[in-house]
Amino acid sequence: MAAFTAEEVRRLAGLARIGLSESDAEHLAGELDVIVDAVAQVATVATDDVVPTSHPVPLADRERADVVTPGLTAEAALSGAPQVAEGRFRVPQILDED
Amino acid sequence: MSTPLTQSAQALAEQIAAGDRSAVEVATAFLDRIEEVDGAVHAFLHVDRGGALAAAAAVDAARARGEDLGPLAGVPVAVKDVLATAGMPTTAGSRILAGWVPPYDATVVTRLREAGLVILGKTNMDEFAMGSSTEHSAFGPTYNPWDLARTPGGSGGGSAAALAAFEAPLALGTDTGGSIRQPAAVTATVGAKPTYGGVSRYGLIALASSLDQVGPCARTVADAALLHAVIAGHDPRDSTSLPSPVPPVVQASTATDLAGLRVGVVSELSGDGYQPGVLARFDEAVAGLEARGASVHEVSCPHFGYALAAYYLILPSEASSNLARFDGVRFGYRAGVEPGHTVEEMMTATRGEGFGPEVVRRIVLGTYALSAGYYDQYYGKAQKVRTLVQRDFATAFDTVDVLVSPTTPTTAFLLGEKLADPLAMYLNDVATIPANLAGVPALSVPVGLAGEDGLPVGLQVMAPVLRDDLLYRLGAVVEADAVARHGVSLPGPGVLDV
Amino acid sequence: MSEPALVAFDDAVTSFDPVIGLEVHVELATASKMFCGCSTQFGGEPNSQTCPVCLGLPGSLPVVNAGAVEAAVRLGLALHCTIAASSTFARKNYFYPDMPKNFQTTQYDQPICVDGYLDVDVPVDGSVRRFRVEIERAHLEEDTGKSLHVGGATGRIHGADYSLVDYNRAGIPLLEIVTRPVEGAGALAPLVARQYVTELRAIVQAIGISDALMHQGSLRCDANVSLRATPTAALGTRTETKNINSLRSIERAVRYEICRQAAVLSGGGRIVQETRHWHEDTGLTTSGRTKEEAEDYRYFPEPDLAPLTPDAAWVASVGASLPELPQETRARVRQEWGLDDLELTQLTNAGVLDLVVATVAAGAPPAAARKWWLGELARLANEAGVEPDALGVAPHQVARVVALVDTGALTEALARQVVAGVLAGEGDPDEVVAARGLAVVNDDDALLAAVDEAVAAHPDVADKVRAGKVSAVGVIVGAVMKQTRGQANAARVRELALDRLGAADIE
């Protein structure tokens with residue numbers, strides 16, 4: 001399989017919004033190479049006829065009735081916020097608007 | 001009267017109910033013990049002296065009013081810092097949550113409070129439960145009371161060490177790939193991972209949602225069963241929580257024989273890579289089962305060898321998504337922001353500074369495994385291996401009632417010994433991971449000390465889904481046998497003497 | 001930014017074959033959110049309708065709202081979809097401050113509704129053409145929080161821009177309905193797009209799952225547009241246009257994109273696959289912020305939720321309990337009121353069919369109800385820049401006004417004043433009439449007194465009338481109308497005036 005490059009690690013870290021120094025990225029690339037090599041062996045037994053399992057114990061239709069239940073007060077909701085303004089969570093500028 | 005510190009939880013509860021001791025007296029003893037030894041052990045990240053004494057006083061007052069107390073009322077308990085406790089800091093062992101005080105209680109914490117247990121504080125853990133040694137805690141490691149130069153296992157090393165150092169009679173842990181069972185094995189304590197869905201995950205800071213479970217930690221099988229019964233049962237706030245009744249674990253823990261029980265020894269979980277002293281104690285314990293009426297069989301679970309690989313794809317994938325919410329916006333750490341910075345830059349800096357290297361490693365790995373073009377090859381295939389592991393269990397349970405193996409390949413390792421190579425660390429979980437993948441319940445019980453180093457060895461028992469009672473039945477008998485054979489295992493003389 | 005060159009629409013649709021697709025998000029009117037019990041009420045104090053779940057606090061877990069599932073099944077059945085025997089939830093992973101978990105819990109490869117259709121009638125040259133828009137899927141997901149952007153000029157260190165986030169809206173259930181590419185509409189594509197959303201909205205409102213008001217954001221529409229050289233060529237690159245906030249804008253935006261893309265292609269350029277932003281004020285789309293690479297959402301099955309496996313008998317009972325759907329209503333009123341295709345389409349185009357039906361149900365004759373909603377009320381709505389249903393006058397009030405005109409208590413002109421009064425918040429029609437004193441004066445004595453006054457004031461006109469120029473009585477009538485502030489019964493005034501002046505009415 002293709003070796004991990006620092007560039008690839010930076011791309012993935014970018015997708016995950018994790019700031020990495022250049023040396024960290026390089027170091028991580030080496031580690032990931034080893035790990036991915038080890039885990040790639042799943043391919044040998046995971047043939048096409050086997051269905052994937054995403055939930056270990058099968059359940060279905062776990063729903064709640066459409067009723068309003070008590071939640072948090074605005075104060076409690078904001079209690080852990082690093083920065084608050086006007087009863088809202090304050091963050092640095094968001095550049096990209098939907 | 002003897003010190004409460006070495007009493008079982010069951011005995012303490014009985015003494016409190018009978019009025020022989022007050023809950024406040026018991027809580028004080030453990031709080032004092034923590035002050036005395038936790039400087040050396042570092043099992044706790046937060047101790048809530050005031051809250052604990054208040055809760056203990058409430059139990060005493062209820063007793064004075066003649067109210068019926070629950071089976072564990074007044075008994076102190078330590079809670080792994082991955083569970084939300086309202087009003088008490090909850091860090092998941094991470095700098096990114098340093099100082100976060102949840103505005104709500106996890107369901108299991110509510111159940112502890114309602115049952116009258118006394119929460120002493122929060123225990124140390126590998127950051128976000130990623131690790132097998134508690135060395136990845138952002139707040140410093142926990143030290144194994146059996147040998148302070150060694151790790152107590154992980155990720156729940158704090159809870160196990162607290163028990164082994166007699167800082168608490170009970171603890172809650174969580175187990176995603178062995179994080180309750182492996183520390184139990186290397187500290188001579190008992191720890192169980194219930195059937196997936198048997199205990200609510202509401203309020204459990206998620207690592208891998210399809211693998212995580214909250215479970216009981218104690219010094220005896222009977223105590224673990226009592227705690228299991230308090231926390232288990234359906235929770236409408238957790239859509240993966242089973243609507244089935246809680247298996248009869250307490251009753252099962254009083255078993256004295258194994259008549260009719262078919263025990264399977266998993267052939268793949270033995271041999272190369274397993275320390276001889278570990279295998280010796282394990283084989284001895286298994287040999288004793290037949291005398292108690294069990295039949296022992298060799299069972300092959302051919303796909304267990306791939307479980308580790310599948311786990312280290314599924315876990316990072318789910319974790320990379322679960323940990324996305326830690327971004328400095330709504331709670332926790334936020335990196336310093338220069339004027340003109342965007343929120344993206346803030347998030348990236350926050351996560352880069354707030355997450356430790358093991359967490360970063362797994363998030364990046366998980367992002368890779370889920371990314372376009374790689375999903376089928378990695379995550380998709382790992383989920384297929386999960387199917388195969390489940391089938392192995394199903395096939396095995398056609399011929400036997402429970403499966404057993406050594407809990408871990410080795411005894412407690414030295415601090416720093418396995419930090420250089422992530423894979424070496426991951427191998428500690430090779431025996432415990434299959435149960436998490438399949439969702440079956442599993443428990444670790446002490447079976448004596450390894451000959452070569454005098455360190456604790458654990459035996460793991462696994463049972464079919466919703467047959468958690470079988471864990472406690474076998475566990476109780478194995479425990480009794482081990483005590484009869486070797487006496488009660490206690491850490492050696494030194495600062496942690498009780 | 002200079003406006004790009006455009007090709008005229010007629011030329012564009014001659015040179016190219018447009019293909020459109022529509023993605024509509026409907027905000028469900030459930031009492032509580034999609035995955036928690038927080039209220040969905042609009043307008044609460046910021047962050048006062050939140051809990052650990054919709055805030056995405058560590059340790060929180062989602063639980064599916066049964067009401068949202070039922071709403072999805074209702075809509076699926078109304079759109080002739082197959083309701084999936086088993087549908088699952090998935091995580092769509094991306095970072096944005098208004099997303100509490102930095103992933104959206106949605107449905108990906110196994111949505112709850114698939115393979116439906118909606119027939120859409122578009123007026124063409126005096127008749128109506130029916131298009132069948134195929135619906136690929138409808139699925140459940142959760143809405144995001146809302147951010148406000150605050151901040152001043154660039155280049156300043158102090159007072160730097162920042163944003164404020166409110167999570168009250170986070171977690172409100174959304175139903176996303178996605179069409180298959182709509183082919184063969186040609187020059188009618190913009191109209192088909194608009195008609196589709198109009199009809200979809202009517203259905204959503206009829207089955208009661210949402211207010212579906214575009215101006216309030218409870219119905220959102222994104223339009224996909226692509227061009228190809230011929231109807232048999234492969235599909236071209238498409239753009240997705242967002243920020244379309246009214247039915248009219250859908251038509252305009254699609255039209256614009258066709259023209260813009262035609263200009264690009266005609267000039268030898270390539271269409272960039274991108275998201276574009278519609279600007280209502282300038283009538284054009286602009287490119288969204290270009291990203292270095294397409295977002296990789298890393299979808300995977302949501303481990304915290306179980307599949308939905310709706311029981312077939314229950315689904316059937318939901319279907320049986322659906323109210324009359326707009327198409328059925330149209331068929332019924334067409335027959336009962338004797339309308340032709342075009343007349344019917346007029347009503348639906350204007351988005352007033354339900355209003356007219358309700359007005360008729362409140363007692364008005366169909367013709368009068370139609371006249372009011374297509375005429376005066378449509379005009380007022382247009383002026384106010386709102387949809388007719390948001391105007392502020394209810395069908396039963398319109399029916400009352402019609403009744404008052406019928407009995408002669410109001411003239412048409414007075415009726416329009418009464419409606420204005422209702423809109424101004426002065427109350428029901430009767431209250432407005434009383435408060436403003438708008439009743440038609442039918443009292444002959446009062447009218448005669450006014451006629452005499454007018455005659456005295458215009459002696460030369462009175463002479464003309466007496467002399468046989470009957471038409472001149474109009475001046476007298478006009479004077480009386482003015483004096484009575486329009487509240488006289490004009491026809492009666494004319495009768496009385498002619499009688500007074502001894503002239504026979506020969507007109």
Side-chain angles (χ1 to χ4, degrees), chain A residues 1 4 8-9 11-21 24-25 27-29 31-32 34-59 62-64 72-73 75-83 89-96, chain B residues 100-104 195-197 210-211 236 239-240 242 303 306 309-310 312-313 320 324 327-334 337 341-349 351-353 355 360-361 363-365 367-368 371 377-378 380-388 390 422-423 437-439 465:
Chain A
M1 70 128 259
F4 263 95
E8 174 71 357
V9 168
R11 181 188 77 87
L12 293 168
L15 272 179
R17 302 299 186 272
I18 298 179
L20 279 186
S21 72
D24 280 347
H27 183 66
L28 192 47
E31 290 177 334
L32 289 172
V34 173
I35 296 172
V36 173
D37 250 349
V39 298
Q41 57 168 289
V42 291
T44 49
V45 284
T47 49
D48 286 342
D49 57 303
V50 181
V51 290
T53 298
S54 55
H55 295 66
V57 182
L59 290 171
R62 313 305 300 160
E63 295 170 16
R64 37 165 272 274
L72 295 172
T73 60
E75 195 190 330
L78 294 161
S79 63
Q83 238 190 330
F89 295 84
R90 180 179 155 147
V91 295
Q93 57 176 329
I94 304 170
L95 277 188
D96 191 2
Chain B
W100 181 54
V101 178
Y104 78 107
T195 296
Y196 181 84
S210 72
L211 302 168
S239 302
T240 61
L242 297 175
H303 300 98
Y306 297 92
Y312 278 104
L313 281 169
S320 69
D327 61 4
V329 172
R330 291 160 296 284
F331 49 83
Y333 175 73
R334 176 185 289 192
V337 175
H341 266 189
T342 63
V343 68
E344 293 267 319
E345 285 166 320
M346 183 278 281
M347 288 180 175
T348 303
R351 292 161 64 79
E353 293 169 26
F355 286 142
V360 171
R361 198 165 20 243
I363 290 178
V364 173
L365 177 57
T367 304
Y368 177 69
S371 61
Q377 190 179 345
Y378 294 115
K381 292 223 190 277
Q383 298 286 43
K384 292 185 175 196
V385 170
R386 187 202 286 252
T387 304
L388 295 170
Q390 278 193 328
L423 272 187
L437 281 180
V465 162

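Residue numbering restarts at 1 for every chain, and letters A, B, ... go by the order of the sequence lines.
Every residue two or more places apart in sequence or in another chain was checked for a ring-ring contact (aromatic ring centres under 6.0 Å, His included) with B/Y333, and none qualifies. Here B/T367 pairs with A/L12, A/L15, A/A16, B/S320, B/I363, C/R298 under the side chain to side chain contact (heavy atoms under 4.5 Å, CB included) rule; sequence neighbours left out.
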Test side-chain contact (heavy atoms from CB on, under 4.5 Å) applied to A/V50 and B/K381, step by step: CA-CA 9 Å; A/V50 181; B/K381 292 223 190 277; over 6 Å; no

Does the pair A/R17 and B/D327 meet the rule for a side-chain contact (heavy atoms from CB on, under 4.5 Å), with working shown? CA-CA 8 Å; A/R17 302 299 186 272; B/D327 61 4; over 6 Å; no

Apply side-chain contact (heavy atoms from CB on, under 4.5 Å) to the pair B/Y368 and A/L32, showing each step before the final yes or no. CA-CA 10 Å; B/Y368 177 69; A/L32 289 172; over 6 Å; no

A/V91 and B/R334: side-chain contact (heavy atoms from CB on, under 4.5 Å), yes or no, with the steps? CA-CA 10 Å; A/V91 295; B/R334 176 185 289 192; 3.8 Å; yes

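For A/Q41, the parts sitting under 4.5 Å from any heavy atom of chain B are the backbone and the side chain alike. For B/P236, no part lies near chain A; criterion is any non-hydrogen pair under 4.5 Å. With a 4.5 Å cut-off on non-hydrogen atoms, A/Q83 touches chain B through its backbone and its side chain both. The contact between B/V329 and chain A is made by backbone and side chain atoms together, counting heavy-atom distances below 4.5 Å. In this structure, no portion of A/S21 lies under 4.5 Å from any heavy atom of chain B.
With B/Q390 contributing its side chain and A/P56 its backbone, the two residues share a donor-acceptor pair below 3.5 Å.
Atom NE2 of A/H27 is surrounded by 12 or fewer heavy atoms from other residues, nucleotides or ligands within 6.0 Å.
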